[in-house]
Amino acid sequence: MSRATIPQPTATAPLIAELASRLGIAPDSALLSGAPLELAAAAVDASHYLLTPRLLMRARTAADVSSAMAAAANLRVPMTFRAGGTSLSGQSLSQGLLVDVRRHFRDIEVLDGGLRVRMQPGATVRQVNARLARFGRKLGPDPASEIACTMGGVIANNSSGMTCGTTANTYQTLESVVLVLPSGTIVDSSLPDADEKLLRDEPGLHALLLELRKRCLEPQHRTEIERQYAHKNTMGYGLNSLVDHESPVEMLAHLMVGSEGTLGFVAEATLRTIPDLKHVATSLLHFPTLAAATAQLGELVGSGANVVELLDAASLRVCREDSVGDVLPSTSSADEAALLVEYQAAAPDELAELTDRSRELIASLGGEQTSDPRRRGALWQLRKGLYTKVAGDRPSGTTALLEDVAVPLPELAPVCVELQRMFAGHGYRESVIFGHAKDGNIHFLVNEDFRDDVCVQRYEAFTEDMVQLVLDHGGSLKAEHGTGRIMAPYVERQYGAELFGVMKQVKQACDPAGILNPGSVLVEQKPADEAKAQLLDEVKLTPSVEAEVDRCVECGYCEPVCPSADLTLTPRQRIVVRRAIAQARAEGKDELVATLEEQQRYPLIDTCAVDGMCSTACPLGINTGDLVRRLRAEQANPVLQAGWQAAAKGWGPFTAAAAVGMNVVQKLPTPLLNAPLGVARRVIGTDVMPTLSAELPGGGARRHPVPADDPSYLYLPACVNTMFGTPDGVPLATRVLGLAQRAGVALEVPDDAAGLCCGTPWKSKGMTRGYEVMTERVARVLGHASQSGRLTIVCDATSCTEGLEIAARHAGVELHFMDALEFVATEVLPKLPPVTKVSSAVLHPTCSSTQLGLNAALQTIAGFVADEVVVPMAWRCCAFAGDRGLLHPELTASATAPEAAEVNARSFDLYLSANRTCELGMTRATGHEYTHVLAVLEQMLLDQERGPSPSGRPRARNVRYRR
């Protein structure tokens, strides 16, 4: 079976040369890559297919895409556009040229007060909706994968989702597109003369579209087209475009929806938005059987329910095992099922009317409606990410295959029952059915082992039976995931020869060379042996390689939150590369193994921030940082291991020396220092020797014990504040102690505070021996000082609070920790007098505050000092990650660039965060001095207590906090 292979230079070199010439760049430009590791990382999407590209291109503009099309057509090289890679049927894969349009196509522009939104293909659904939220609007398409799926994929697949049905999906809400045809023609359908321009630039295509419309309007064809699109349907090309629109440019624009990048490239799209209905009531209805659940669909839909999501017994079993079973009945059965039902409204009275009308029905089905956000969040956790949870539960080494079908609503119950019978008949004991039951749209998943020819034959037989079942019930073989590779051979069977012929003419007219994403929408029916051979050639194997990440189903949910995504690799790609190495080793491809292992050090290991943010987005909670930390430990230099172990034994003197060193550094010109450091980095290694930058402060104060007669809490100031001083020279510990004193809360700093650390520097670097030393000391000292855990331990750096919790668990002791943010928000703020607020503050949450659930407390404190608190929409982990920002400043620069651009688009009175290294990273990125929110709060209290300045004017609080 195919797997990532080293491209042959003779095959790739002409393509590189022609692309470089057309783009006006050097052949070795970073925009083009034939490196085996990058190709292996890009070779997968979330589907069960694997096609390894010959070349990866990172397009910057529509003109770049046009040049790539011309080069590919000239050399007869297939090409595919890749944005999110969440495709579930191989639509974002290529064996030729793979064009990445995510890094440079992310613009979002809200129009007409939110009624419309213009965006590029690299923006995710969540990012677009975040921009629309302040206007009370959202996109119509609402796929469950909104955190990761990009607008390019949404348009390419005609995505819908849980509520929009066929009335607010991508097709119905599309207003205009800017598209690039393989001929190089750029079409902007929003222009008043767009149709005339299309006639002038593409007369043959213009004429053909009019001819095809005339044919589709013939009664027998129109009737069939209307039947096909009465329910969700993304099989083949959207022939309803030819019926619904009169002008060829509008026909063409809407044909692009669901075309999976096989007709042209959508460089920009404008969609009409819909109201974001904030008033909701949700119920979970439990049934003894799937048939009993589906039998209630008609009445529930008729009651006005906006959402009716189906979960079968296997789905519920996974939910119970995945820590959300508290909202499910404690008893289970082999045949059980559930419906997640939700009513939505724009105003409370409208919701009340809906719930009053449906209350009796819901109660008769054993349900109870709730508007409580926590309860609703738990219910939706059952549904969102369900595919990933179910696929992650598959037996090791097998492949999860997900398909989605739609049938008229009255046919759903018999189809579901028959599907279950087919699962049993073909031996798929762990199959799952779930989906958008309101629309007659279900997803089903089976696990298959494609290493076994018998299993391949079983899957082919099951697919044939499933196709016949759905078509016999008047349904569509694909509902919202696009046609995809597994269903492309069945398009003609669903539509018949004449309408299939119309589709072929559309493809031929738009892409005469046939280079765009072949195999994703239209293919001729293949003989059984040929189809089997292709399936074997293109199937993706998922070998078991690392315990930390083996459950990964490569869905890509982790990618938008990863700080290294725009520089090197994402968490998904790190896992993919490790799987590629394992597969190459199993196949005896020693040269490929050596190449990938050699190339993985910098992108896979060195530039991972190990911040754990990937786990917050992953439905399975996978932290790829755990994998990277282990790899670092396995590859750690013994000399460094010994050095870091020595540092752990003498951490107090080490941090004091580091503070002195920072004081020296601050007094010397940065270029003077970086010259010898640059030499050392080249000799010793860039992952060992740091580089310095102008924003670095002098050293901080050494931590000293602070006794208390009857302490309420034990307080451990973070060592990072010893190594890096504060902007105004006042230690953060002084600020925290001052706040506690105002609230009458006694804090005690233990005797050996200077020698303690959370252990994160050792853990993140893989310095296991030093980590053991430090965690043992933390457990011993804090265990004694906290009176065997009686006192809660407060820490003033969010990353250290998280690290201390992990260190205590590692050492096997039960200690209780509280971050200073939570401490101040709950114990101090209620006892403080109000302060005169500044007008505005920008707030950078940290990865640790996010993972510890502290962002609400952080925003509460920020709101105490500023009238307006802005968390940038482009916020993500700054990737400073202890010293990672000193070792690889390019990582922090890449991670912070979008947020910095947003911050610098306006001015703020305060620039706030809650961790010293994060403050340094954002100071470097924006040029504004970021300060710990607690330091600002305490200083403002001090200013207020001192009264007005001698001049009689209020003190300029913002001067000391911003650069």
Side-chain angles (χ1 to χ4, degrees), residues 126 129-130 132-134 136-138 142 144 146-147 161-164 274-287 293 296 300-301 303-311 315-316 318-332 336-386 389 434 436-438 616-617 619 621 822 825-826 830 845 849-860 863 871:
R126 177 171 290 186
N129 280 337
L132 292 168
R134 64 186 289 256
R137 309 287 293 183
K138 67 175 184 176
D142 60 337
E146 46 89 30
I147 185 177
M162 290 169 280
T163 64
C164 67
I274 64 173
D276 188 4
L277 305 178
K278 294 292 188 182
H279 300 277
V280 293
T282 312
S283 306
L284 186 70
L285 309 177
H286 190 255
F287 298 90
Q296 299 298 325
L300 286 167
V301 172
S303 72
N306 300 77
V307 176
V308 184
E309 292 289 304
L310 173 69
L311 299 91
S315 304
L316 296 174
V318 172
C319 291
R320 284 192 176 94
E321 293 172 356
D322 213 36
S323 304
V324 291
D326 58 319
V327 298
L328 291 170
S330 56
T331 59
S332 63
E336 67 176 333
L339 294 175
L340 180 64
V341 180
E342 185 164 278
Y343 297 87
Q344 304 174 348
D349 56 338
E350 293 176 16
L351 180 64
E353 183 180 344
L354 280 171
T355 54
D356 287 346
R357 187 193 315 155
S358 59
R359 184 175 291 112
E360 185 176 340
L361 171 62
I362 297 296
S364 71
L365 298 175
E368 181 178 330
Q369 295 175 327
T370 179
S371 296
D372 177 67
R374 291 188 179 182
R375 182 71 175 175
R376 287 189 60 253
L379 291 173
W380 272 109
Q381 191 179 349
L382 294 172
R383 175 60 184 92
K384 288 203 172 186
L386 182 59
K389 293 171 187 173
F434 61 97
H436 317 309
K438 176 177 71 75
T616 68
E822 182 182 359
T826 58
S849 69
T850 301
Q851 294 178 72
L852 293 173
L854 297 170
N855 287 343
L858 177 58
Q859 293 193 54
T860 297
V871 176

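Keep in mind that what you see is a predicted model, and the values were worked out from it rather than measured. What you see below is based on every heavy atom in this structure, not just the backbone, and it leaves out hydrogens, waters and symmetry mates.
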Enter the distance from Ser364:OG to Arg359:CZ here, rounded to the nearest 0.5 Å.
13.0 Å

Measuring only between side-chain heavy atoms, which start at C-beta, is Leu340 closer than 4.5 Å to Trp380?
yes

To check you understand the geometry: which heavy-atom pair defines the closest contact between Ala346 and Leu277, and what is its length?
N-CD2, 3.7 Å

Quick check for you: to the nearest 0.5 Å, what is the distance between Ile362 atom CD1 and Arg357 atom CZ?
12.5 Å

Show the numbers, then the answer: is there a side-chain contact (heavy atoms from CB on, under 4.5 Å) between Val307 and Lys438?
CA-CA 7 Å; Val307 176; Lys438 176 177 71 75; 5.7 Å; no

If you take all heavy atoms of Ser849 and Asn855, which pair is closest and at what distance?
OG-OD1, 2.6 Å

Would you name the heavy atoms of Leu354 and Gly304 that are closest together and state the gap between them?
CD2-O, 4.2 Å

Sidechain-backbone polar pair: Asn129 side chain, Lys138 backbone, donor-acceptor under 3.5 Å
no

So do the side chains of Gln296 and Leu365 get within less than 4.5 Å of each other, counting heavy atoms only?
yes

Side-chain contact test, heavy atoms from C-beta onward, threshold under 4.5 Å: evaluate it for Leu300 versus Leu361 and give yes or no.
yes

Determine the minimum heavy-atom distance between Ser315 and Leu311, stating which atoms define it.
CB-CB, 4.0 Å

Polar contact flag, side-chain donor to acceptor under 3.5 angstrom, Thr370-Arg375
no

If you define the side chain from C-beta out and look only at heavy atoms, does anything of Leu285 sit under 4.5 Å from Val341?
yes

Using ring pair (Phe, Tyr, Trp, His ring centres under 6.0 Å) as the criterion, list what pairs up with Phe434, not counting sequence neighbours.
His443

Approximate separation, where rounding is to 0.5 Å, of Met162 CE and His436 NE2
6.5 Å

Smallest heavy-atom separation, Ala825 atom then Pro830 atom, equals O-CD, 3.7 Å

Does some side-chain heavy atom of Asn306 sit less than 4.5 Å from a side-chain heavy atom of Glu342?
no

So which heavy atom on Ser283 is nearest to which on Gln369, and how close?
OG-CG, 3.2 Å

For Glu368, does the CD atom sit with more than 12 other heavy atoms under 6.0 Å from it, leaving out its own atoms?
no

Does some side-chain heavy atom of His279 sit less than 4.5 Å from a side-chain heavy atom of Tyr343?
no

Polar side-chain atom of Thr355 near backbone of Leu351 as donor-acceptor pair, under 3.5 Å
yes

Walk me through whether His286 and Glu336 qualify under side-chain hydrogen bond (donor to acceptor under 3.5 Å, both in side chains).
CA-CA 7 Å; His286 190 255; Glu336 67 176 333; 2.5 Å; yes

If I take atom CD from residue Glu309 and atom OG1 from residue Thr163, how far apart are they, to the nearest 0.5 angstrom?
9.0 Å

Atom pair CG (Leu858) and CG (Leu852), whose distance is rounded to the nearest 0.5 Å:
12.0 Å

Rounded to the nearest 0.5 Å, what separates atom CZ in Arg137 from atom CG in Asp276?
9.5 Å

